[in-house]
Number of protein chains: 2
Amino acid sequence: MRAAATTPFAILGMLRMAPKSGYALRRALADAAGQFWGESYGQIYPALRSLARRGWARRRTERSTGARRDGERAGRRVRHVYEITPKGEEALTRWLAEPPRIAPPRHELLLKIYLGDRDTVDAPAAWVRRLLLDETNRLRHVRRMKEALPRGTHAHRSLRHWLMALDFVDRQSEAAIAWCQRSMATLDLMQEAAARRRTAAQRRTPME
Amino acid sequence: MRAAATTPFAILGMLRMAPKSGYALRRALADAAGQFWGESYGQIYPALRSLARRGWARRRTERSTGARRDGERAGRRVRHVYEITPKGEEALTRWLAEPPRIAPPRHELLLKIYLGDRDTVDAPAAWVRRLLLDETNRLRHVRRMKEALPRGTHAHRSLRHWLMALDFVDRQSEAAIAWCQRSMATLDLMQEAAARRRTAAQRRTPME
DNA sequence: CCATACATGTAAAGGGTTACATGATTAA
DNA sequence: TTAATCATGTAACCCTTTACATGTATGG
């Protein structure tokens, strides 16, 4: 049996909270779930149309009211707002009951570190430094979200779910940071060892 | 610019350690790097042929010597052993110097938890229990690997790289386990709350 | 003799990323 | 007026998974 796409259900899940346009959808998804689920426009727009075809979402076209240069009443800009249908809600509920698929691990940084040789550790060291930075920022971001959440003006319909997911990211991030710090020390040692080996080799076969 | 496939380089990296057949390759990859990099046969065989076409690997056909029923000298089973070429080594070195790509996060369990509603927490609870089991096993496995590594008969050419990668997995696993334990408690509370809500609703509109 | 591991592949189908393309609105 | 943000999409290309298909060698 072929694995069903999860993108349409991620979209349905967001639409269930409130109707949205494709653009707003991506923003909402990135803001709320971006730390554990990423989608690009290239998936969202086709998926929305396919949801509409399947009768799981309804499309409503709106016109902008905004600043007019000319004398027109309505704006020229169109916005396609999608809302979930009862059939869509059923499909979403069914999907939510199925066990999540676990993706095979794909960590290119670790692969490169594993496959790399001991004489070229400068590049890996830079990558780890970069990861440390990214994860530190991510952790700060997630912590801010967790704090802001309970006091937010429009409290989320299922706050505890969200906190639970964010907590996972928080812990993963913490672990990654600790690993980066330890690994940077190891890489430093390896760098020094490589330098010593180079010096020794040079002494044996001196330049010019 | 389109992202280059990483699969051929993962293969080249393994071939650089020693020539291997497709089957042996998958095993070696799964054994050594399976915790952070997974490949399936469906990718490996086509990738090997493409590597041979590009001149990055050479294919050698071997015949089995094994148990013979009939009178034949050589076995009937063919084995295609691939070895890396100098051109392949260059390509691998170039690839290893490039910064690793970071995949957009895709954690279906977290997405389902986030999108789920507060009255159906039984399924998520089961998934988290399952994850706890899996991660506990994974951690045990990784710890055993880390311990066995330095004392291994054929010590790996770059042991520290491997340990570093495994250490990442170790820490991620630990974090996941802690999260599972905490989340199971939360889900229990939510389950009870849902049960209370159901009872209250039943009291208002009693059955029969 | 039977189960398990060894061994090599193909084909279909779908998922997903990335680059390209275009324009409107709004705040500074 | 300029930059940023809002907004909607297409197309190509590639990766990847999954199912299918077939048979050998070996140990118990």
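The chains referred to below are lettered A, B, ... by the order of the sequence lines, with proteins before strands, and numbering in each begins at 1.
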- line: Nearest-nucleotide check on DNA chain C, B:Arg49 vs B:Arg106; residue mapping nearer the 5' end is B:Arg49
message: Judged by each residue's nearest nucleotide on DNA chain C, which is more toward the 5′ side, B:Gly22 or A:Trp37?
response: B:Gly22
B:Thr93 side chain to B:Glu90 side chain, donor-acceptor N/O pair below 3.5 angstrom: no
With a 4.0 Å cutoff (strictly under), does any side-chain N or O of [X] reach OP1 or OP2 of [N]?
X       : N      : value
B:Ser40 : D:dT17 : yes
B:Ser21 : C:dT8  : yes
A:Arg27 : D:dC6  : yes
B:Tyr23 : C:dT8  : no

- request: Keeping the roles fixed (side chain from A:Glu135, backbone from A:Glu174), state whether a donor-acceptor pair exists under 3.5 Å.
  value: no
message: For B:His80, is there any backbone N or O sitting under 3.5 Å from a side-chain donor or acceptor partner on B:Ser21?
response: no
- request: Report which part of the nucleic acid B:Arg26 touches: base, sugar-phosphate, or nothing (heavy-atom distance under 4.0 Å, all strands).
  value: nothing
message: Counting the atoms with a prime plus P, OP1 and OP2 as sugar-phosphate, which does B:Gly42 contact under 4.0 Å by heavy atoms, base, sugar-phosphate, or nothing?
response: base
Nearest-Å distance for atom pair CD/P, residues B:Gln43 and D:dC14: 16 Å
N-O pairing of A:Asp134 and A:Arg138 below 4.0 Å: no
